[in-house]
Amino acid sequence: MNLTHAHECRCPSGENPYRPWPARITSIRDLTDKEKLFELRLIDPGVREAFNFHSGQFVELSIFGVGEAPVSISSAPSKQGFIELCIRKAGDVTGAMHAKQCGDIVGLRGPFGRGFPFEDMKGHDILLVAGGLGIAPLKSLINHIHDERHEFGKVTILYGSRNPSEVLFRYQFDMWKHRDDFDLILTVDQPDDTWDGETGLVTKLFDRIDVDPDNTFGAVCGPPVMYKYVIDEMRKKEMDVDRIYMSFERRMKCGIGKCGHCGVGHQYTCIDGPVFNYWEAMNLQGAI
Ligand SMILES: Cc1cc2nc3c(=O)[nH]c(=O)nc-3n(C[C@H](O)[C@H](O)[C@H](O)COP(=O)(O)OP(=O)(O)OC[C@H]3O[C@@H](n4cnc5c(N)ncnc54)[C@H](O)[C@@H]3O)c2cc1C
Ligand code: FES
């Protein structure tokens, strides 16, 4: 299994990893009441060209005069020249980002961290499980798989939200509903009259799917409470512990393994993660 990309830092900031590079907001899409999707384009052409990333990696987004926050990249690495960030309005930085307009300039550092092992996943079935905002990093992986669909076996996406108005990227998933190259099942805890998908927790959907345990990679991202239950279901399907990957969120500052804010067990989420496999997570105290 190739995890060697773990500590590569393709930081376009070069020698000063704390330097944010200016990026222009080129489009803003309202996804829900709380989340917006921003498309950003690094202004310096050299920096833009050097910005190569893996699905599951994150950037440090700076709003000048306000601060920085880590945000997962939601677009696929196969789409060059811009990145997309799905941002929930949660506090100072994300609130200031929500107040921005198209054409405004923000700062970016990164890409940082270890993403999903896309190359290792090729040739296998893929089971992606997302809860709430956890779809943000998985969206990058989903779209990357889409762009190289012939490299993968069966692809199943299970996505749970609290209610229909909180389903992120609904425009894309509505379009994908009838595709036969993706098994996509959406569920909400609290349905309304408009909802024609499943009802209940995302773990309930495991009754509906067949998994080939010898040939499947899992990718999980969601609220902390979700991981244990999703992994239990994956283990009931006899999936290998080192083929179940999950992305963790921890409070971060520097994003580059210097400040110690994001420690989990003996590792730093910002450089050793945010994506870990279950085997690694089992050996990290307090990870799940
Ligand atoms: C690897 C990674 C990827 C992420 N990806 C995304 C993503 O794709 N999209 C996204 O929207 N978010 C993402 N996040 C989460 C995002 O970084 C946080 O929500 C971040 O705190 C937002 O910064 P802020 O300044 O807007 O909010 P903050 O001002 O930091 O506030 C965030 C929340 O924390 C509370 N809070 C703030 N300070 C304190 C304190 N001292 N004590 C207790 N509570 C406090 C606030 O009340 C608020 O509820 C990611 C985080 C990580 C680590
Ligand atoms: S955020 Fe500073 S060490 Fe991870």
Side-chain angles (χ1 to χ4, degrees), residues 2-26 38-87 90-97 100 104-119 136-137 140-141 144 221 245 247-276 280 284 287:
N2 173 19
L3 293 176
T4 51
H5 62 265
H7 300 281
E8 282 172 37
C9 175
R10 272 168 296 276
C11 175
S13 317
E15 283 173 17
N16 178 4
Y18 295 104
R19 175 181 173 174
W21 287 89
R24 190 180 304 283
I25 300 172
T26 47
F38 296 88
E39 185 190 89
L40 298 166
R41 192 173 160 81
L42 283 154
I43 290 173
D44 183 304
V47 173
R48 192 165 62 234
E49 207 164 298
F51 191 95
N52 294 307
F53 66 94
H54 298 288
S55 297
Q57 287 194 294
F58 66 95
V59 290
E60 287 284 347
L61 166 73
S62 25
I63 307 293
F64 304 117
V66 181
E68 277 193 319
V71 181
S72 305
I73 303 171
S74 285
S75 49
S78 37
K79 298 283 184 286
Q80 299 273 310
F82 69 91
I83 60 166
E84 287 178 345
L85 305 178
C86 169
I87 299 183
D92 294 343
V93 174
T94 51
M97 186 65 176
K100 295 283 178 200
D104 286 350
I105 310 283
V106 296
L108 288 182
R109 292 193 293 127
F112 294 137
R114 181 172 69 164
F116 293 100
F118 189 74
E119 292 302 320
S140 171
L141 183 59
H144 201 187
C221 192
Y245 282 80
S247 180
F248 288 136
E249 245 190 48
R250 289 290 184 276
R251 281 201 169 263
M252 288 184 187
K253 289 280 179 202
C254 68
I256 52 172
K258 303 280 186 205
C259 73
H261 267 80
C262 65
V264 48
H266 55 284
Q267 303 214 310
Y268 289 145
T269 325
C270 64
I271 51 172
D272 300 307
V275 175
F276 293 91
E280 295 167 320
L284 285 179

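All values below come from the heavy atoms of this structure, side chains included, with hydrogens, waters and symmetry mates left out.
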Undergrad: Kindly say whether Tyr268 contributes a backbone atom to a donor-acceptor pair with the side chain of Asp272 at under 3.5 angstrom?
TA: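 It does hold such a pair.
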Undergrad: Exactly one of Ser55, Cys221, Ser247 should register a side-chain contact (heavy atoms from CB on, under 4.5 Å) with Leu141. Which one does?
TA: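 Result for side-chain contact (heavy atoms from CB on, under 4.5 Å) with Leu141: Ser55.
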Undergrad: Less than 3.5 Å apart, any donor N or O on the side chain of Ser74 or Glu84 sitting next to an acceptor on the other?
TA: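 Checked: Ser74/Glu84 side chains show no N/O donor-acceptor pair below 3.5 Å.
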Undergrad: Applying side chain to side chain contact (heavy atoms under 4.5 Å, CB included) to Ile271 and Arg114, what does each step give before you reach the verdict?
TA: CA-CA 6 Å; Ile271 51 172; Arg114 181 172 69 164; over 6 Å; no
Undergrad: Pair His54, Phe118 - check ring pair (Phe, Tyr, Trp, His ring centres under 6.0 Å), show working.
TA: CA-CA 8 Å; His54 298 288; Phe118 189 74; 8.9 Å; no
Undergrad: With no hydrogens and no angle check, is any side-chain donor or acceptor of Arg24 less than 3.5 Å from a backbone partner on Arg41?
TA: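 Answer holds: no.
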Undergrad: Could you point out which residue of Cys262, Pro17, Cys259 forms a side-chain contact (heavy atoms from CB on, under 4.5 Å) with Cys254?
TA: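 Of the listed residues Cys262, Pro17, Cys259, the side-chain contact (heavy atoms from CB on, under 4.5 Å) partner of Cys254 is Cys259.
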Undergrad: Rounded to the nearest 0.5 Å, what separation is found between the NZ atom of Lys253 and the SG atom of Cys270?
TA: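 The distance works out to 13.0 Å.
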Undergrad: Under a 4.5 Å cut-off applied to non-hydrogen side-chain atoms, are Phe51 and Ile83 in contact?
TA: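 When only atoms from C-beta onward are counted, Ile83 and Phe51 do touch, with a gap below 4.5 Å.
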Undergrad: Got a second to check how far Phe82's CZ is from Leu40's CG, nearest 0.5 Å?
TA: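 Phe82 atom CZ to Leu40 atom CG measures 10.5 Å (nearest 0.5 Å).
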Undergrad: If you measure from the Lys or Arg side-chain nitrogens to the Asp or Glu carboxylate oxygens, is any gap between Glu39 and Lys79 under 4.0 Å?
TA: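 Salt bridge absent between Glu39 and Lys79.
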Undergrad: Which label fits Tyr245 and Phe116: parallel for a plane angle under 30°, tilted from 30 to 60°, or perpendicular past 60°?
TA: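 If you compare the ring of Tyr245 with that of Phe116, the planes turn out perpendicular.
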Undergrad: Do Asp44 and Trp21 have side chains that approach each other closer than 4.5 Å (heavy atoms only, starting at C-beta)?
TA: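 They are in contact (side-chain heavy atoms under 4.5 Å apart), so the answer is yes.
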Undergrad: Would you call Arg109-Glu68 a salt bridge at under 4.0 Å N-O?
TA: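 Result for this pair is yes, salt bridge flagged.
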Undergrad: As an exercise, state the distance from CE of Met97 to CD1 of Ile63, rounded to the nearest 0.5 Å.
TA: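 The distance works out to 5.0 Å.
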Undergrad: Is there a side-chain contact between Pro111 and Phe58 in this structure, where contact means two heavy atoms from C-beta onward sitting under 4.5 Å apart?
TA: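 Pro111 vs Phe58: side chains apart.
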